[in-house]
Trainee: 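Below: one structure in structure tokens.
Heavy-atom basis, side chains included; hydrogens, waters and symmetry copies ignored.
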Amino acid sequence: MEIKNGSILCLSTAPDREAERLLRGLQSESREGRREALRHLLLLAPDLTFAREVISRDGLQRLGTIIEDGDDLGEVLALALRAFLELMEHGVVSWETLSIPFVRKVVCYVNMNLMDASVQPLALGLLENVTLSSPTLGQLVKSEVPLDRLLVHLQVMNQQLQTKAMALLTALLQGATPAERKHMLDYLWQRNLRQFIYKNIIHSAAPLGDEMAHHLYVLQALMLGLLEPRMRTPLDPYSQEQREQLQALRQAAFEPEGESVGAGLSADRRRSLCAREFRKLGFSNSNPAQDLERVPPGLLALDNMLYFSRQAPSAYSRFVLENSSREDKHECPFARSSIQLTVLLCDLLHVGEPCSETAQDFSPMFFGQDQSFHELFCVSIQLLNKTWKEMRATQEDFDKVMQVVREQLARTLALKPSSLELFRTKVNALTYGEVLRLRQTERLHQEGTLAPPILELREKLKPELMGLIRQQRLLRLCEGTLFHKISSRRRQDKLWFCCLSPKHKVLQYGDVEEGVGPPTPESLPEQLPVADIRALLTGKDCPHVREKGSGKQNKDVCELAFSVSYDHGEEEAYLNFIAPSKREFHLWTDGLSALLGNPMGSEQTRLDLEQLLTMETKLRLLELENVPIPEQPPPVPPPPTNFNFCYDCSIAEP
């Protein structure tokens with residue numbers, strides 16, 4: 001009775017029998033027999049029920065034997081590795097259970113020079129999973145796979161091999177201690193990895209894949225993460241080295257090379273002179289150590305100021321002397337600005353924050369420049385001085401200036417300039433006047449008139465426009481979307497497609513191969529009748545989010561997760577989604593809510609409704625351009641003194 005009339009059923013061998021048959025095939029004497037068994041096993045491995053049957057019959061151990069023996073280093077080994085990865089992906093067996101000899105054998109395949117091109121990406125992917133899931137085995141991989149070997153793989157013009165090598169590299173870096181990570185990155189930079197990434201990966205002719213973009217984001221986050229210890233460490237007033245650094249900062253601004261202004265003065269007089277010069281330098285206290293006790297930015301602010309004074313001495317002297325000699329209360333305090341700017345840059349670049357599991361938001365200029373953070377500071381501090389002058393700011397306007405500078409930096413970073421010079425050009429073109437113009441434009445887009453007649457008109461227009469939005473959402477569901485499958489350990493590049501039938505009766509879905517366009521609805525194997533859907537769940541209420549836990553790194557996945565619960569016999573089942581973007585999340589949750597007869601309450605609906613209301617209101621009021629709209633309706637005029645007028649309705653209008 002549960003089988004719908006007209007459904008096409010595909011009869012196949014029971015999973016237990018098929019698993020038994022294929023595992024016998026793996027023990028075949030002939031290579032062709034083993035190859036065919038592996039091919040068929042690989043086709044069925046994504047099915048969880050079949051995977052459980054294979055695993056319960058020691059299928060992983062048999063695949064492991066094929067991989068460890070390595071009798072055939074070509075297609076058979078590649079098929080075995082791929083099948084092993086597919087079965088492990090279900091999470092039935094932990095990666096921590098793998099044996100050390102097995103991992104060592106996979107490491108051998110990575111380290112071999114003459115190896116089949118299809119084997120090494122799979123071996124690298126397996127080691128990445130091992131490194132992320134097991135600290136013990138991760139240490140083994142780290143000790144057995146030299147960084148030089150990964151550099152060799154990265155330099156091969158094979159995009160899949162490059163991506164998997166970068167994935168293992170970022171996994172090893174994530175599993176290392178801060179000291180080990182710094183040592184590893186220093187070594188990689190000495191071997192010109194940064195330059196290679198910038199020239200041959202970011203600017204290669206082939207488009208950058210999503211997975212590589214994610215790993216470059218992780219690498220950038222780990223690079224910037226090296227700054228965190230300095231950012232979290234306050235200045236130690238008893239440290240001789242740090243006191244000397246502060247004195248070097250003062251001397252670079254006020255004492256020309258080879259001269260000492262305080263020579264021949266008493267100790268008290270010299271101390272008083274130094275305190276005054278530190279004040280001129282822009283410190284809030286005569287003892288600068290008190291300004292740098294704040295964390296963040298701690299010692300990182302001192303590092304930035306020293307770098308600027310040494311790498312751009314003329315710009316540094318000009319900044320300090322120009323502002324310290326002003327007497328019109330418009331001086332820009334260098335030290336205070338530098339401290340606050342360092343905090344701002346750490347916030348914009350998420351220094352010290354954990355890596356996201358899915359983000360791809362890396363900035364190419366960080367791979368095009370050594371000491372990129374300090375160089376960015378040098379550009380930003382000069383921008384701050386320029387903006388300060390444009391605003392004719394005083395000390396009381398300090399916070400306002402920082403808000404404008406934050407906006408200038410954030411808008412320019414969002415453009416992802418490919419080099420520091422391009423960043424400098426774009427951010428300097430974004431003057432204070434241009435920021436005000438952009439703000440005004442955005443405000444005009446957001447604001448609408450608040451006159452009662454307009455509010456009444458907007459209320460009358462809302463139902464019609466909500467119907468239009470509902471229609472658009474359902475059309476978007478009919479077009480369908482490619483969704484990523486994400487395991488509990490890391491992001492995956494496996495895809496599946498889901499769409500709504502043209503008559504809005506069923507959801508159709510199924511797996512698709514990477515690089516293949518969206519399938520036609522008729523080719524999708526699975527269907528879910530809309531009538532069987534019970535409810536729509538989002539965020540932490542979704543079962544696949546609850547299984548992943550509540551770690552900080554799962555926050556972005558949680559924000560994109562939604563599920564539909566539906567009747568499956570007498571039980572409740574779930575169809576789980578991870579939207580590719582926030583916009584897709586809003587479109588799908590709105591569309592599903594509309595199908596279920598619930599209100600569409602997403603932020604995207606609010607924005608779309610506001611945009612349509614503003615546009616429709618302006619169209620309705622087009623002939624009232626530049627005419628003031630009264631708060632109250634005008635009074636009704638008195639009737640005319642006579643009604644001696646008529647209209648001949650028989651005369652047709654032209």
Trainee: Hey, does Gln360 have a side-chain heavy atom less than 4.5 Å from the side chain of Leu208?
Mentor: no
Trainee: Counting distance only, does the side-chain N/O of Ser134 pair as donor-acceptor with the main-chain N or O of Val130 below 3.5 Å?
Mentor: no
Trainee: Where do Arg57 and Glu20 land on the salt bridge (Lys or Arg N to Asp or Glu O under 4.0 Å) test, with the steps shown first?
Mentor: CA-CA 8 Å; Arg57 288 167 169 74; Glu20 194 69 49; 2.9 Å; yes
Trainee: Between atom CE of Met600 and atom CZ of Arg470, what is the distance when rounded to the nearest 0.5 Å?
Mentor: 7.5 Å
Trainee: For Thr481 and Glu584, test the side chains for any donor-to-acceptor distance below 3.5 angstrom and give the result as yes or no.
Mentor: yes
Trainee: So do the side chains of Val564 and Leu596 get within less than 4.5 Å of each other, counting heavy atoms only?
Mentor: no
Trainee: Which heavy atom of Leu222 sits nearest a heavy atom of Thr170, and at what distance?
Mentor: CD1-O, 4.2 Å
Trainee: Go through Leu147 and Leu169 one step at a time and tell me if the side chain to side chain contact (heavy atoms under 4.5 Å, CB included) criterion holds.
Mentor: CA-CA 8 Å; Leu147 291 177; Leu169 179 61; 3.8 Å; yes
Trainee: Inspect the surroundings of CD in Glu464 and state if more than 12 heavy atoms from other residues, nucleotides or ligands are less than 6.0 Å away.
Mentor: no
Trainee: Heavy atoms, side chains only, cut-off 4.5 Å: are Lys462 and Leu613 in contact?
Mentor: yes
Trainee: Is any side-chain heavy atom of Val93 closer than 4.5 Å to a side-chain heavy atom of Met88?
Mentor: yes
Trainee: Could you list the donor-acceptor pairs under 3.5 angstrom formed between side-chain atoms of residues 199-207 and any protein atom two or more places apart in sequence or on another chain?
Mentor:
unit_1, atom_1, unit_2, atom_2, d
His203, ND1, Tyr198, O, 2.8
Ser204, OG, Ile201, O, 3.2
Ser204, OG, Ala206, O, 3.1

Trainee: Please find the pair of heavy atoms, one from Ser563 and one from Asn576, that lie closest to each other, and give the distance.
Mentor: OG-OD1, 2.7 Å
Trainee: Regarding Thr605 and Ser602, do their side chains bring together a donor and an acceptor under 3.5 Å, going by distance alone?
Mentor: yes
Trainee: Given Asp608, which partner from the list Gln604, Gln611, Arg606 fulfils the side-chain hydrogen bond (donor to acceptor under 3.5 Å, both in side chains) test?
Mentor: Gln604
Trainee: Under 3.5 Å, is there a donor-acceptor pair between the side chain of Tyr109 and the main chain of Ile67?
Mentor: yes
Trainee: Restricting to non-hydrogen atoms, name the atom on Leu482 and the atom on Pro580 that form the minimum distance, rounded to 0.1 Å.
Mentor: O-CG, 3.9 Å
Trainee: I'd like to know if the side chain of Ser363 reaches the main chain of Phe366, judged simply by a donor and an acceptor atom lying under 3.5 Å from each other, with no hydrogens or angles considered.
Mentor: no
Trainee: If the plane angle is over 60° it's perpendicular, under 30° parallel, otherwise tilted; pick one for Trp496 and Phe577.
Mentor: tilted
Trainee: Quick check: does any side chain N or O of Thr13 sit under 3.5 Å from a backbone N or O of Glu18, one acting as donor and the other as acceptor?
Mentor: no
Trainee: Using 30° and 60° as the class limits, which term best fits the ring planes of Tyr217 and His214: parallel, tilted or perpendicular?
Mentor: tilted
Trainee: With Ser565, which residues qualify under side chain to side chain donor-acceptor pair (under 3.5 Å), at least two apart?
Mentor: Glu572
Trainee: So, does His90 use its side chain to make a donor-acceptor pair with the main chain of Ala45 at under 3.5 Å?
Mentor: yes
Trainee: Within a 6.0 Å radius of atom CD on Glu479, are there more than 12 heavy atoms belonging to other residues, nucleotides or ligands?
Mentor: yes
Trainee: What closest approach, in Å, do Arg181 and Ala176 show between heavy atoms, and which atom pair accounts for it?
Mentor: NH2-O, 3.1 Å
Trainee: What is the distance from atom CG of Asp47 to atom CD of Glu86, rounded to the nearest 0.5 Å?
Mentor: 11.5 Å
Trainee: Between Leu587 and Leu477, which heavy-atom pair has the shortest distance, and what is it?
Mentor: O-CD1, 3.8 Å
Trainee: Got a sec: does the CZ of Arg39 have more than 12 other heavy atoms crowding it under 6.0 Å?
Mentor: yes
Trainee: Rounded to the nearest 0.5 Å, what separates atom CD in Glu89 from atom CZ in Phe84?
Mentor: 11.5 Å
Trainee: Would one find more than 12 heavy atoms of other residues, nucleotides or ligands at under 6.0 Å from atom NZ of Lys582?
Mentor: yes
Trainee: Please answer whether the main-chain N or O of Val110 pairs with a side-chain N or O of Arg149 as donor and acceptor at a distance below 3.5 Å.
Mentor: yes
Trainee: Kindly indicate, with the supporting measurements, whether the criterion side chain to side chain contact (heavy atoms under 4.5 Å, CB included) is fulfilled by Leu161 and Leu124.
Mentor: CA-CA 8 Å; Leu161 186 61; Leu124 287 163; 3.6 Å; yes
Trainee: Rounded to the nearest 0.5 Å, what separation is found between the CG atom of Leu63 and the CG atom of Asp58?
Mentor: 11.0 Å
Trainee: Are side-chain heavy atoms of Leu612 and Leu461 found at a separation under 4.5 Å?
Mentor: no
Trainee: I need the minimum non-hydrogen distance between Gly59 and Leu23, along with the two atoms involved.
Mentor: CA-CD2, 3.7 Å
Trainee: Check whether any side-chain heavy atom of Ile578 lies under 4.5 Å from a side-chain heavy atom of His484, and answer yes or no.
Mentor: no
Trainee: May I ask you to check whether over 12 heavy atoms, not counting those of Lys416, lie within 6.0 Å of atom NZ?
Mentor: yes
Trainee: I'd like to check Ile197 versus Leu219 (side-chain heavy atoms, cut-off strictly below 4.5 Å). Are they in contact?
Mentor: yes
Trainee: Determine whether Glu526 and Leu575 make a side-chain contact, defined as any pair of heavy atoms from C-beta on separated by less than 4.5 Å.
Mentor: no
Trainee: Listed by chain and number, what are the side chain to side chain donor-acceptor pair (under 3.5 Å) partners of Arg17, not counting sequence neighbours?
Mentor: none
Trainee: What is the distance from atom CG of Asp16 to atom CD of Glu53, rounded to the nearest 0.5 Å?
Mentor: 5.0 Å
Trainee: Got a second to check how far Leu524's CG is from Leu507's CG, nearest 0.5 Å?
Mentor: 11.0 Å
Trainee: Check Arg31, Arg82, Arg35 against Glu75 for a salt bridge (charged side-chain N to carboxylate O under 4.0 Å, His left out) and give me the one that passes.
Mentor: Arg35
Trainee: Is the backbone of Val156 close enough, under 3.5 Å, to the side chain of Gln162 for a donor and an acceptor to pair up by distance?
Mentor: yes
Trainee: Yes or no on side chain to side chain contact (heavy atoms under 4.5 Å, CB included) for Gln508 and Thr520, after CA distance, side-chain angles and deciding distance?
Mentor: CA-CA 10 Å; Gln508 298 169 289; Thr520 59; over 6 Å; no
Trainee: Checking Leu495 against Asp511 for the side chain to side chain contact (heavy atoms under 4.5 Å, CB included) test, could you report, in this order, the C-alpha distance in whole Å, the side-chain angles of both residues, the deciding distance, and whether it holds?
Mentor: CA-CA 6 Å; Leu495 301 171; Asp511 292 345; over 6 Å; no
Trainee: Would one find more than 12 heavy atoms of other residues, nucleotides or ligands at under 6.0 Å from atom NZ of Lys426?
Mentor: no
